[in-house]
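Structure record follows, encoded as C-alpha cells.
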Amino acid sequence: MPQLILLNKPYGVICQFSPSPPHASLADFVPIKDVYPAGRLDTDSEGLLLLTDSGPLQAKIADPKHKLPKTYWVQVEGSPSLSDLQPLLTGVDLGDFITQPARVRIIDEPAHLWPRVPPVRFRANVPTTWLEIIIREGKNRQVRRMTAKVGFPTLRLVRYAIGDWSLDGLPLGDWRAETVAAPRLVNPVAEVSKPKQRGRRGPNKTR
C-alpha cells in the first residue's frame, strides 16, 4: 500500500529534502526516507504539503489532468468586493495563460491560524481581507498572480486542503502518515513505479 505523508509546512521552508541554507528543508521536519513531494508549495507559502513513496499516487495528486481541487486561505491587501473578484470566477488572463474559473469567497480570518514567523508586513491604514480560493490547476505562483491581477496583492498564503486531505488536526510543522489505496492505472506501462525526486535535489523552483 502506498504511504502518504501530510505535512503542515511552515513559512520559509524550502520544498526539497537537500539542504539549502539559510532555509530549512523538508528533512528538518519529515524523518522518513524515500518519500517525495506530490506537487510543490512556495518557500514563502504555508500549509498542506503531500509526500508519497508511490509514483502513481504522486502523479494522481500533482498532475492537473486529475483536477484535484486545492483550497487556499489567502490574506490580501485591501477590501475587495464580490464584483472585484468576479474575474477570478470566470478566468483571468495572466499573460502566459488564462486561468480556469476558480471558486472564491470572502471569509473571516481562519480560526486557530498560527502566527506567521516572520510576521506579515502591513501598510498603515490599509485594511486586509481573507479569501478562500479553490483552483484545480497549479501554475507557478498562480494564486498570488491571480489576486495581484485584480488589484489585491497576496500578503499571506496558506494551503488548507488538496482533494479530501486537509490541515485539520495538524499543527504547524507536524506531519502524519496515512496508508491509502494504490491508484488504478489506465496505462501501467506509462506510469512510473517510484515518485519523481524533484523534491530532493536541484534548485528550488517555486510552484
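Heads up: numbering here begins at 1 and tracks the sequence.
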Would you confirm whether [X], through its side chain, and [Y], through its main-chain N or O, come within 3.5 Å as a donor-acceptor pair?
X      : Y      : value
Gln58  : Pro37  : yes
Thr147 : Phe152 : yes
Arg159 : Leu48  : yes
Glu137 : Thr99  : no
Thr52  : Gln3   : yes
Lys60  : Leu68  : no
Arg145 : Leu94  : yes
Ser25  : Ile14  : no

Exactly one of Ile135, Val104, Val158 clears side-chain contact (heavy atoms from CB on, under 4.5 Å) with Tyr72, and that residue is Ile135
Are [X] and [Y] linked, directly or through other ILVMFWY residues, by side chains that come within less than 4.5 angstrom of each other?
X      : Y      : answer
Ile162 : Met146 : no
Ile133 : Leu89  : yes
Leu131 : Ile134 : no
Leu155 : Tyr11  : no

### Query
In terms of the angle between their ring planes, are Tyr36 and Phe17 parallel, tilted or perpendicular, with boundaries placed at 30° and 60°?
perpendicular
Does a sphere of radius 6.0 Å around [atom1] in [X] hold more than 12 heavy atoms from other residues, nucleotides or ligands, not counting ones at 6.0 Å or beyond?
X      : atom1 : value
Arg103 : CZ    : no
Asp108 : CG    : no
Asp168 : CG    : yes

Taking it one step at a time, do Trp114 and Asn8 satisfy side chain to side chain contact (heavy atoms under 4.5 Å, CB included)?
CA-CA 11 Å; Trp114 55 90; Asn8 188 347; 3.5 Å; yes
Original post:
Do Ser83 and Ser81 have a side chain donor and acceptor closer than 3.5 Å?
Top reply: yes
Are [X] and [Y] side-chain neighbours, meaning at least one heavy-atom pair lies under 4.5 Å?
X      : Y     : answer
Arg144 : Asp44 : yes
Thr154 : Val76 : yes
Phe29  : Leu49 : no

Spacing of [X] atom [atom1] and [Y] atom [atom2] [to the nearest 0.5 Å]:
X      : Y      : atom1 : atom2 : answer
Asn140 : Phe97  : CG    : CZ    : 8.5 Å
Arg40  : Arg141 : CZ    : CZ    : 13.0 Å
Arg105 : Leu85  : CZ    : CG    : 12.5 Å

